[in-house]
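As structure tokens, the structure follows; a few thoughts come after it.
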Amino acid sequence: MTDSQPVDIAHLAHTLRDDNIAGVTIGWVDNNGVVRSRAVPTSELAGVARRGVGVTAVFAVFDSHDGITFAHSGLSTPSGDVRLIPVIDSESSVVSLAGQPGMAWVHGRQMAADGAPWPYDQRAVLERQVQRAADAGFEVRAGFEIEFALTRESDGLPAHRGPAYSANAMRDVDEFAVLLLESLATNGLSIGQIHAEYGGAQLEIALSPLGPMAAADAQILARQTIHTAARAVGLRASFAPLPSSSSAGNGWHLHTSLVRDGHNALTGDGEYGLSETGRSYIAGLVRELPGLVAITAPSSGSLLRRRPGYWAGAFGFWGIENREAAVRLVPSTPLLGPDHTNVELKACDASANPYLALAVTIAAGLSGVADSARLPQPVQEDVGGWDDARRDAAGISPLATTHDRQRENLLASTLVADVLGDELLGAFVACRDADAAWASSHTEDELLESLRWIY
Ligand code: GLU
Ligand code: MG
């Protein structure tokens, strides 16, 4: 959201200092879904807003284990510096953080040292798709659901003992839940609900729908808010796609819808309660799934999470309120009203960069709209229980569960290449290759442990 008036950042910095804010953390997300950051003294904010702070150019080729790969030709040496610029387009862009007295948060964008666009900046990738949607006459609404596992810092035991979705489980984490609700509100984040999820010690919050940039920003600030609230009550939150081999996965499902002239453009009086736009939007998503999920659920942990029977989107099909489908239509009803229609992408998790995940999702849906893609029949069953012949006959394939297959799908997707651009795609693939090399020399448990706390 951009205020029409430019922000007086010197004045804002004074106000922050009057409020005893000593430093401002500038956060951004790399190609592994890891939130990287730099903090600056509040007194420096005005200068930093103009010129940014210097960070290495090779953040785009950091892998999930803090290794740096030089396999991508565009970033093949340790030389180079880019500018990390705080995005301050309104006074509320700088958030005084709940539970971290003296610190504030602002999202960052990366620019070349001379101020030119930096092709590896993920934020700009989403901005381009928001513009593309606007050019086609649409606004996009988006919201992430965030699942996480909570354990006790002292002994690593589960913070709640279930049962799934129960009040008993929530009572075990009562203090945390209250603090989290307060902290989310303080940090300007709105949620629909909080509940104990299916997995051991698992919880979920559903962020309220926003425009795409704000939705990605909110997903990042929500992580900071959850981690901080957990720490305050002696708990630790894991956002990893699969926190341990015996647990349910953590999905960060991505809900999107299109708005035209103030109305939900997916809703209509055609088949499935959809408009023609709605049907072709879903068709675009389903068509692009193999390449899409290589961005929205990209990590070695994502591949392990992608198991049939866990509602994690293991197969490439769509259904109406079918939680086993990778693409789930959440339709409007007379009770919910016509603006409720949205589409949930299950194959999305915390190891995705939220700007890239949203960018490819929007692009996939819009590509379907642009060429009036034909929507296959919805499937309302658990196709994991079908044999291969029946799935083949229905045109349903499992999504990739190996690095090689996922890499192949990624490189075969002209849509993803178009959205990311050659440079960023090259860096992204190099990161995935580096992760796969790490995984190949470690056990599955070592891999899951290495990813457990990084998101
Ligand atoms: N935990 C499941 C996942 O890995 C999702 C459960 C649900 O549908 O909420 O995505
Ligand atoms: Mg859930």
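Ligands are counted one by one from 1 in listed order, and the atoms in each one are counted from 1 as well. All residue numbers in this chain count up from 1 along the given sequence.
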Ligand 1 N/O within reach of His253 N/O, cut-off under 3.5 Å: yes

Between Asn322 and Glu381, do the side chains contain a donor N or O and an acceptor N or O under 3.5 Å apart? no

Contact flag Glu145/the Mg ion (ligand 2), N/O/S atoms, threshold under 2.8 Å: no

Structural part of [X] in contact with ligand 1, heavy atom criterion under 4.0 angstrom:
| X | answer |
| --- | --- |
| Ala312 | both |
| Glu145 | neither |
| Tyr310 | backbone |

Once the angle between the rings of Trp28 and Phe59 is folded into 0 to 90°, is it parallel (under 30°), tilted (30 to 60°) or perpendicular (over 60°)? perpendicular

When you measure from the centre of the six-membered ring of Trp453, is the NZ or CZ of Arg236 under 6.0 Å away and within 45° of the axis? yes

Ring-face cation contact, Tyr281 with Arg279, 6.0 Å cut, 45° max: no

If I consider every N, O or S atom in [X], which one ends up closest to the Mg ion (ligand 2)? I only need its name.
| X | answer |
| --- | --- |
| Glu197 | OE2 |
| Glu147 | OE2 |
| Glu204 | OE1 |

Which residue and atom name correspond to the protein heavy atom nearest atom 4 (O) of ligand 1, and how close is it? Arg305 NE, 2.9 Å

Residue and atom name of the nearest protein heavy atom (relative to atom 1 (N) of ligand 1), distance in Å to one decimal: Glu147 OE1, 2.7 Å

Any salt bridge linking Arg152 with Asp155? Criterion: basic side-chain nitrogen under 4.0 Å from a carboxylate oxygen. yes

Numbered in order shown, the ligand 1 atoms found under 4.0 Å of a heavy atom of Lys346 are 7 (C), 8 (O)

Do side-chain atoms of Thr341 reach the backbone of Pro331 as a donor and acceptor pair under 3.5 angstrom? no

Option among Thr25, Thr225, Leu221 that satisfies the side chain to side chain contact (heavy atoms under 4.5 Å, CB included) test with Val95: Leu221

When the aromatic ring centroids of Phe239 and Trp252 are compared, is their separation below 6.0 Å? yes

